[in-house]
Every structure is written in structure tokens, then in C-alpha cells.
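Computation of the quantities below employed the complete heavy-atom set of this structure, encompassing side-chain atoms and omitting hydrogens, waters and symmetry-equivalent molecules. From a predicted model like this one, the values you see are computed outputs, not experimental measurements.
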Amino acid sequence: MRSGRMSERYKLAMDAHWQTIGLNPAEPMNPEVVFGRKAPLVVEIGFGMGDSLLDMAAADPDTDFIGIEVHEPGVGRVVFHINDGGLKNLRLYRVDAVDVLTHCFADSSIDRLQLYFPDPWHKKKHWKRRIVQEDFVDLIHKKLKPGGHIHIATDWVAYAEWSQGKFGSDSRFTGGVIPKPDFRPLTRFEGKGLGKGHIVTDLKYVKS
């Protein structure tokens, strides 16, 4: 877990509602049991403060969403807004994404996996810390349904090129750069970056 300052109302929300909103990483993930229905499943890795994830879940009640994040203030904020907004189609993990995907999710179980604005680790000596690596590509291929896809958004051109190299060179995926889809909200973080002249790249790779 990554600690940080959490407001009192978010702490209270965690205390009161985590047991119903939070998911247990020691148990297999069964979306039909968790959500009480069969619906498309979207999983987001590293939702940060949760703005876009909350907006997407509210805008698409017929789809089930699972967010994975280790930053405690972000988790607390999203728990508060899930309860405050009465969202029934969004649940959370607060553990390492690779671990929970590996051990909890069945193979061929995810319709869409979202990776928005991951840490680019821009220094060459830190590239090994980037989440998009060959073993990550293997893992995503296992967990996506046939025809499912990963959607990546980044405001770091070098990271977009890195991700294109990892997924684009793998014959098990088809895809590349796409226009920003309407379902992905423009977050405050992204808006600030665009205001500074950052170039945002959206990538979509479909499991063939």
C-alpha cells in the first residue's frame, strides 16, 4: 500500500463501507457472485483518485467495473463516492495489480482492461519498473476474453512508444493508436497536461 494524507470523511467511509465495497485478494474473483448478475467486466489498474473510473461506472450501469489501486487516499475517496452515489456496479481491490490479476481472476474473464496514465518511469535505469513488460503482456493475454482488449492512455510519448513495442510486436494482439474514446472522461490531471502541451496517446490492443 502507498500511504498518504486521507481526509476524515474518506477515513470514515473506509471504516463503514470497505467490507461491502472492498474485495478480498485471498479469494477467487467471481463477478457473477460479486455483482449478482452476468454483465461485461471492465478492470482498471491504478485508478489514482478515481475520477474517470467513477464517471464511467455511473455512465454505464449495465457494465461491471473493478478498480485496483494501492494509493490509500485514492481508495478512500472512491469508496466514499461509491457509497454517496449509490453505485452498485463498482468494486475495489487495494493490492498490487499483477498479484491480484494472477491469483484471483480466471483466465479469459475480462472484457476490457484499462491502464490510464501509468507511471512512465522516464529514467532509463528505472524502465524495469514500468508495468508494461513482456510478462505483463502474457498475463493480460491470459486474463482477457477472446475479443477482449486492453486500453492504455498516456501523456508520455516515450511510454506510448514503449507500450506499442510490447503489444504491437506480439502476434496474439491486434491494434494500435486510436482516437480518445467517448467513454473515457477527460480528467483534471489530463486536462492540466494538455494545457501544458502534453500529447495524450490512446492505444487499444485486442486479444485475437
- Candidate pair Val98 and Leu139, rule side-chain contact (heavy atoms from CB on, under 4.5 Å), full reasoning: CA-CA 8 Å; Val98 171; Leu139 177 62; 4.0 Å; yes

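Screening Tyr205, Phe183, Phe117, Phe167 against His151 for a ring pair (Phe, Tyr, Trp, His ring centres under 6.0 Å) leaves a single residue, Phe183. The one candidate from Lys124, Arg130, Arg129, Lys128 that meets the side chain to side chain contact (heavy atoms under 4.5 Å, CB included) condition with His126 is Arg129.
Ser52 and Glu44 get closest at one heavy-atom pair: OG-OE2, 4.1 Å. For Ser108 against Lys145, the heavy-atom pair with the smallest separation is O-CG, 3.3 Å. Taking both residues in full, the closest heavy atoms of Gly74 and Met49 are given as CA-SD, 3.7 Å, listed atom of the first, atom of the second, then distance.
Atom CE of Met29 sits about 10.5 Å away from atom CG of Leu101, to the nearest 0.5 Å. Note: His81 NE2 to Leu53 CG = 12.0 Å, rounded to the nearest 0.5 Å. With rounding to the nearest 0.5 angstrom, the OG1 atom of Thr20 is 7.5 Å from the CG atom of Asn83. From Phe65, atom CZ reaches atom CG of Leu90 across 8.0 Å, with rounding to the nearest 0.5 Å. Atom CG of Leu92 and atom CD1 of Ile68 lie 10.0 Å apart (nearest 0.5 Å). One finds the CD atom of Gln164 at 11.0 Å from the OG atom of Ser169 (value rounded to the nearest 0.5 Å).
Salt-bridge check for Arg37 with Asp64: passed, with a basic side-chain N closer than 4.0 Å to an acidic carboxylate O. Between Arg77 and Asp51 there is a salt bridge, since at least one side-chain N of the basic residue sits less than 4.0 Å from a carboxylate O of the acidic one. Using a 4.0 Å cut-off between a side-chain N of Lys or Arg and a carboxylate O of Asp or Glu, Glu134 and Lys166 qualify as a salt bridge. With respect to the salt-bridge test (charged N to carboxylate O, under 4.0 angstrom), the residues Asp138 and Arg172 qualify.
A cation-pi contact, defined as under 6.0 Å to the ring centre and within 45° of the axis, is absent between Lys123 and Trp121. Because its NZ or CZ atom is both nearer than 6.0 Å to the ring centre of Tyr116 and within 45° of the ring axis, Arg184 counts as a cation-pi partner of that residue. Judged by the 6.0 Å and 45° rule, Arg9 forms a cation-pi pair with Phe80.
Counting non-hydrogen atoms of neighbouring residues, nucleotides and ligands closer than 6.0 angstrom, the NZ atom of Lys143 exceeds 12 such neighbours. Crowding of Leu194 atom CG: a count of heavy atoms from other residues, nucleotides or ligands under 6.0 Å exceeding 12. For Lys142, the NZ atom counts as loosely surrounded, since its 6.0 Å shell holds 12 or fewer non-hydrogen atoms of other residues, nucleotides or ligands. Within 6.0 Å of atom NZ in Lys180, more than 12 heavy atoms from other residues, nucleotides or ligands are found, so the atom counts as buried in its surroundings.
Ring centroid separation for the pair Phe173 and His141 comes in under the 6.0 Å cut-off. Note: Trp156 and Trp162 fail the aromatic proximity criterion, with ring centroids not under 6.0 Å apart.
A heavy-atom distance below 4.5 Å is found between the side chains of Val200 and Glu190. Trp127 is not listed as a side-chain neighbour of His122, based on a closest heavy-atom distance of 4.5 Å or more. Taking 4.5 Å as the limit, every side-chain heavy atom of Glu27 sits out of range of all side-chain heavy atoms of Cys104. Using a 4.5 Å heavy-atom threshold, the side chains of Ile45 and Leu113 count as touching. Annotation: side chain of Asp155 is not in contact with side chain of Ile199 (no heavy-atom distance under 4.5 Å).
By the rule that hydrophobic residues join a cluster once side-chain heavy atoms approach within less than 4.5 Å of another member, Ile140 and Val206 end up as members of separate clusters.
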